[in-house]
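Have a look at the structure below, then the notes.
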2 protein chains.
Amino acid sequence: MSDEIRRSMPLFPISIVKSLTDLSARQIRYYEEHNLVHPARSEGNRRLFSFNDVDRLLEIKALIEKGINLAGIKQVLSMQEVPDNEPMDQEQVEEIHNDLSEKELRRMLQQELHTAGRYGKSSLRQGELSRFFH
Amino acid sequence: MSDEIRRSMPLFPISIVKSLTDLSARQIRYYEEHNLVHPARSEGNRRLFSFNDVDRLLEIKALIEKGINLAGIKQVLSMQEVPDNEPMDQEQVEEIHNDLSEKELRRMLQQELHTAGRYGKSSLRQGELSRFFH
DNA sequence: TTTTCATGTTAGATTTCTTAACATCTCTTG
DNA sequence: CAAGAGATGTTAAGAAATCTAACATGAAAA
């Protein structure tokens, strides 16, 4: 709970996120433009990313590398959105089975974590940045 | 071990560190100038702070608030430096007992963590930033 | 072949950060 | 008390990082 607060604190400038995700600034901004991430802004309008944001970008990257386009990724990410509690209706269940099952997704996103030799050139995978820092 | 790597990754610009520690940029730079912290630098010479750096600044702040001056803080921090393995010689032991015992220090630094209402205005205490994020 | 998608590149404006200098305030100390 | 030292604030000028917007491009879709 307070965990969610920590993980959503705006902390990183885009330069750090670039090195953390190995995405280009252009890509990051493009994904934001298409509502896949929503970094906060500084007073001076600079993007500030949270751990959650970075995790999300890592997920996006993994999906991109699977050959999934932005529309597909948007779908997938929306499916991940906290089920809150509401039991899914039949439509939702079918959607999941049509595209990628939750399970499959999880597996897809759950891979080993590996850092390259130098800082700023790490190449993390899946939505696991949070586990990286503790 | 790999933990140490994570905690020493240069991640934060000074603006974020300011809000995380509630220290002024002037203070942060002054402490660096006097070798109390050693943030990394970006290619363009911007300071980049790690979790360890921020923790250290929070410790410094706590000590400042105790009325200890920079010389004293330098002492205290050097005492905290990983004992590596080497058993301390008598001199060191006496130093510790003269100034502040390890125990006393620990207690001093171990206090509850509290965030202010708004992000960017948190007022963390002691060297516990790492515990804040996980 | 023409569009659309995803990304690269570039330019100009704006923000953030850097160092250095000087100001100020509080302690010490002679 | 006056002088110096320590810690911090404030300001200026320049450099670095980021922003948006526009245009370019290659690959895939239609």
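So that the names make sense, note that chain A is the first sequence line, chain B the second, and so on, each numbered from 1.
Not a single donor-acceptor pair under 3.5 Å links the side chain of B/Arg46 to the backbone N or O of B/Pro13. At distances below 3.5 Å, not a single donor-acceptor pair connects side-chain atoms of B/Lys18 with backbone N or O atoms of B/Ile28. In this structure, the side chain of B/Arg7 does not engage the main chain of B/Ser50 through any donor-acceptor pair within 3.5 Å.
Counting only Watson-Crick and G-U wobble pairs whose two key distances fall under 3.5 Å, DNA chain C forms stems of three or more stacked pairs at C:1-30 with D:1-30.
One atom, CD1 of B/Ile28, and another, C1' of C/dC17, lie 12 Å apart when rounded to the nearest Å. Rounded to an integer number of Å, the gap from B/Ile16 CD1 to D/dT18 P is 12 Å. The nearest whole Å value for the distance from the NZ atom in B/Lys74 to the P atom in D/dG6 is 11 Å. Atom CG in A/Leu48 sits about 14 Å away from atom C1' in C/dC17, given to the nearest Å. To the nearest angstrom, C1' of D/dA7 lies 15 Å from CG of B/Leu63. To the nearest angstrom, P of D/dT18 lies 7 Å from NZ of A/Lys18. In this structure, CG of B/Leu70 is placed 4 Å from P of D/dA7, rounded to the nearest angstrom. B/Asn69 places its CG atom 10 Å from the P atom of D/dT8, with the value rounded to the nearest Å.
Taking a 4.0 Å limit (strictly below) on heavy-atom distances, residues 32-47 of chain A reaches DNA chain D at A/Arg41, A/Asn45, A/Arg46, A/Arg47.
Among the nucleotides C/dC17, D/dA7, C/dT7, the one closest to the side chain of A/Ile64 is C/dT7.
In this structure, the side chains of A/Leu23 and A/Ile60 stay at 4.5 Å or more apart for every pair of heavy atoms. At least one side-chain heavy atom of B/Ile14 sits under 4.5 Å from a side-chain heavy atom of B/Arg29.
Residue A/Leu58 holds its CG atom at 10.0 Å from CG of A/Asp22, rounded to the nearest 0.5 Å.
Aromatic ring orientation, B/Phe51 versus B/Phe12: perpendicular (interplanar angle above 60°, classes split at 30° and 60°).
A salt bridge links B/Asp3 and B/Arg6; the closest N-O separation between the charged side-chain nitrogens and carboxylate oxygens is under 4.0 Å. A salt bridge links B/Glu65 and B/Lys61; the closest N-O separation between the charged side-chain nitrogens and carboxylate oxygens is under 4.0 Å.
Looking at residues two or more places apart in sequence or on another chain, you find no side-chain hydrogen bond (donor to acceptor under 3.5 Å, both in side chains) involving A/Asn69. Scanning for side-chain hydrogen bond (donor to acceptor under 3.5 Å, both in side chains) contacts around A/Ser42 gives an empty result, with sequence neighbours left out. With sequence neighbours left out, the ring-ring contact (aromatic ring centres under 6.0 Å, His included) criterion links A/His38 to no other residue. Taking the side-chain hydrogen bond (donor to acceptor under 3.5 Å, both in side chains) definition, one finds that A/Arg47 meets it with A/Glu32, sequence neighbours left out. Residues forming a side-chain hydrogen bond (donor to acceptor under 3.5 Å, both in side chains) with B/Asn35 (at least two apart in sequence, or on another chain): none.
Considering only side-chain N and O atoms, B/Tyr30 lies under 4.0 angstrom from the phosphate OP1 or OP2 of D/dA7. Between B/Tyr31 and D/dT8 there is a side-chain N or O to OP1 or OP2 distance below 4.0 Å.
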Scan nucleotides 26-30 of chain C against the protein and return all N/O pairs shorter than 3.5 Å with their distances rounded to 0.1 Å.
none

Between the protein and nucleotides 9-12 of chain C, which nitrogen or oxygen pairs come in under 3.5 angstrom?
residue : atom : partner : partner atom : Å
C/dT9   : O4   : A/Arg26 : NE           : 3.4

Report all interatomic pairs (protein N or O, nucleotide N or O of nucleotides 26-30 of chain D) with separations under 3.5 Å.
none

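Taking a 6.0 Å sphere around CD of B/Glu43, one finds it holds 12 or fewer heavy atoms contributed by other residues, nucleotides or ligands.
The two residues B/Asp53 and B/Val37 come nearest to each other via the heavy atoms O-CG1, 4.0 Å.
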